Enquirer: 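Quick one: the structure is below, questions incoming.
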Amino acid sequence: MNETQITASVCTIGDEILIGQIVDTNSAAIAQALNEKGIRIKRMISIGDDREQIISSLERELADNEIVIVTGGLGPTDDDITKPALARLSGCTAYRTDQGQLAIMKEILHSRGLDLLDVNLDQAKVPESCEVILNRRGTAPIMVFPFGAERFGHNARLYSMPGVPFETIAALPDVMDDICRHFSCGTITHRTVMTFGMAESALAKRICKWEHSLPAGVHLAYLPNTLTGVRLRLSKFGGEATENERLLEQLFSELKQELGDIIYAESDSNLQTETGRLLAEKGLTLSIAESCTGGMVSHLITSVPGASAYYLGSVTSYATEIKEKLLGVPKDIVEKYTVVSPECAAAMAEGVRRLTGSDYSIATTGNAGPTAAEGQQVGLVWVAVSSSGGTQTKAFSYKNDRTRNIERFSAAALHLLLTKLRAENN
């Protein structure tokens, strides 16, 4: 079978997804893992807790794809109906207890001080028609149902995985290994750059000539995110990996000439990681004073492993009196310019740097909305970045809801810090 013919479908089962009670993160993780193996994802679908619908939907997906990965509906309660539906789909009525999964289940339950109940034992039972990949993080095994060409016109495998995200993610390497043992995985080569400060539409207009000249088989994706900017990803399907990498390197050299400083990372990264890497490399420290962002900038910084090497701490000075008492913002600045001003932002940044003794500091002050306060434009933030080289302030204005405004404020603050860091530490 030609490698480009291998396709997959990712299916979630459960009413809780269809009614928006939980957010499906499994499908994205599965799609990424399949993509890395050169397997094209043809569809993602969500199916409710209806046995007939599960069976008919999965039959269609198996008829159209060599690989179908299903998550959800494998719990110990009566409403978890995936297993009996899959047994019927595979034409099997007999069950067996998988001893490997039973041993893991006993260990997990005993470590939590829980007794082994009948409903738990039922989770270790699987249809005779399936193969088992052990779930080392949970109680329900990964069931693998093979189907011959006589059923759907091609060999196919259905993988039934648990719905708990950390269990699914932990089991993905074993599932991908099984897929690669049974199918000829293709080649997909990616290159990614991260951009900030230009909207997706403006980026597309700026590089339209370059994009239209891309060779056949090369695809450019625009992936915007409020916290990271716009990720540009080039993909080359098929071919030989080394040649693909050489081609993409040449294309990205051209792209960098088109975009210049708009690119802040030449890999799949983010602002806090790039900022942290530079601070750590230079042996510099950081502190943060936040008002309108409410601690999100600090959260992003500390989400990077190893942040303790450069991050000293923060003050979330939401109230005006905290800005004055803890950060030392002069009262006359607040009275003359208001708290949403470059003067207040600068005083906050200098105050927290003085308070902590850090080399660099960031400050944010603004109005995330939705209510306009006196002298405060909704969606306006002033960011200040301070170092021994001076204090820089810059205003940013966004027209989003409160949550997105806070995310954009935080990302803008990190990008301004990264820009100053690179300017002063080349």
Side-chain angles (χ1 to χ4, degrees), residues 3 6-14 16-17 22-47 54 57-58 61-62 64-75 80 82-83 86 98 100-101 103-105 107-108 123-124 126-127 130-147 155-190 192 221 223 225 231 233 235 237 241 267-270 303 305:
E3 63 181 27
I6 301 297
T7 62
S9 172
V10 181
C11 309
T12 57
I13 294 177
E16 65 274 12
I17 292 176
I22 66 170
V23 176
D24 170 30
T25 57
N26 285 333
S27 293
I30 293 168
Q32 183 176 351
L34 288 168
N35 189 265
E36 289 172 355
K37 298 299 181 183
I39 298 168
R40 292 175 182 263
I41 295 87
K42 186 176 286 188
R43 270 186 302 276
M44 288 185 181
I45 66 170
S46 293
I47 310 168
I54 291 171
S57 296
L58 294 181
E61 297 310 305
L62 285 163
D64 204 26
N65 299 278
E66 289 78 16
I67 300 162
V68 175
I69 299 183
V70 178
T71 65
L74 298 179
D80 292 306
T82 299
K83 189 188 298 183
L86 294 178
D98 186 84
Q101 193 63 50
I104 292 173
M105 181 187 301
E107 182 180 348
I108 290 173
Q123 284 190 285
V126 298
C130 82
E131 303 166 10
V132 167
I133 296 175
L134 295 179
N135 174 6
R136 303 184 189 281
R137 299 289 183 88
T139 54
I142 292 90
M143 297 179 293
V144 186
F145 293 85
F147 296 91
N155 292 326
R157 288 174 79 79
L158 184 151
Y159 297 82
S160 178
M161 303 184 70
V164 181
F166 81 88
E167 294 181 27
T168 296
I169 291 171
L172 274 175
D174 291 336
V175 171
M176 292 303 121
D177 286 346
D178 186 85
I179 287 173
C180 290
R181 283 194 297 270
H182 289 86
F183 297 98
S184 176
C185 297
T187 301
I188 301 179
T189 308
H190 298 298
T192 301
L223 306 167
N225 183 288
R231 177 188 290 109
R233 188 188 66 212
S235 302
F237 296 89
S267 61
D268 195 351
S269 186
N270 54 51
S303 69

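Keep in mind it's a predicted model, so treat the numbers as computed, not measured. Side chains included, hydrogens not; waters and symmetry mates left out as well; all remaining heavy atoms used.
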Enquirer: Let's go through V70 and E61 carefully: what are the C-alpha distance in whole Å and the side-chain angles of both, what is the deciding distance for side-chain contact (heavy atoms from CB on, under 4.5 Å) to 0.1 Å, and is it a yes or a no?
Expert: CA-CA 11 Å; V70 178; E61 297 310 305; over 6 Å; no
Enquirer: Identify the heavy atoms of M143 and P127 that sit nearest to each other, and give their distance.
Expert: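 Where M143 meets P127 most closely, the heavy atoms are SD-CD, 3.7 Å.
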Enquirer: With E167, which residues qualify under side-chain contact (heavy atoms from CB on, under 4.5 Å), at least two apart?
Expert: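 By the side-chain contact (heavy atoms from CB on, under 4.5 Å) rule, E167 matches N135, R137, P162, V164.
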Enquirer: Verify the distance criterion only: is there a donor paired with an acceptor across the side chains of H182 and N155 at less than 3.5 Å?
Expert: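 Their side chains do not contain a donor-acceptor pair, so the 3.5 Å distance test is not met.
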Enquirer: Does some side-chain heavy atom of E131 sit less than 4.5 Å from a side-chain heavy atom of R157?
Expert: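 R157 reaches E131 side chain to side chain.
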Enquirer: Quickly, which of I133, V126, L86 forms a side chain to side chain contact (heavy atoms under 4.5 Å, CB included) with S160? Name it, please.
Expert: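 The option that passes is L86.
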Enquirer: Any non-hydrogen side-chain atom of L34 less than 4.5 Å from a side-chain atom of R40?
Expert: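 Not touching, per the 4.5 Å side-chain cut-off.
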Enquirer: Going by side-chain contact (heavy atoms from CB on, under 4.5 Å), name the residues that satisfy it together with A103, two or more places apart in sequence or in a different chain.
Expert: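 With sequence neighbours excluded, A103 shows a side-chain contact (heavy atoms from CB on, under 4.5 Å) to no residue whatsoever.
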Enquirer: Are side-chain heavy atoms of D64 and T7 found at a separation under 4.5 Å?
Expert: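 The answer is no; the side chains never approach within 4.5 Å.
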Enquirer: Does the side chain of S9 come within less than 4.5 Å of K42's, by heavy atoms?
Expert: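 A side-chain contact is absent here, since even the closest heavy-atom pair is not under 4.5 Å.
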Enquirer: Answer yes or no: does atom CZ of R43 have more than 12 heavy-atom neighbours from other residues, nucleotides or ligands under 6.0 Å?
Expert: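 Counting neighbours around CZ of R43, more than 12 heavy atoms of other residues, nucleotides or ligands fall under 6.0 Å, so yes.
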Enquirer: To check you understand the geometry: which heavy-atom pair defines the closest contact between G100 and L134, and what is its length?
Expert: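 G100 and L134 have their closest heavy atoms at C-CD2, 3.7 Å.
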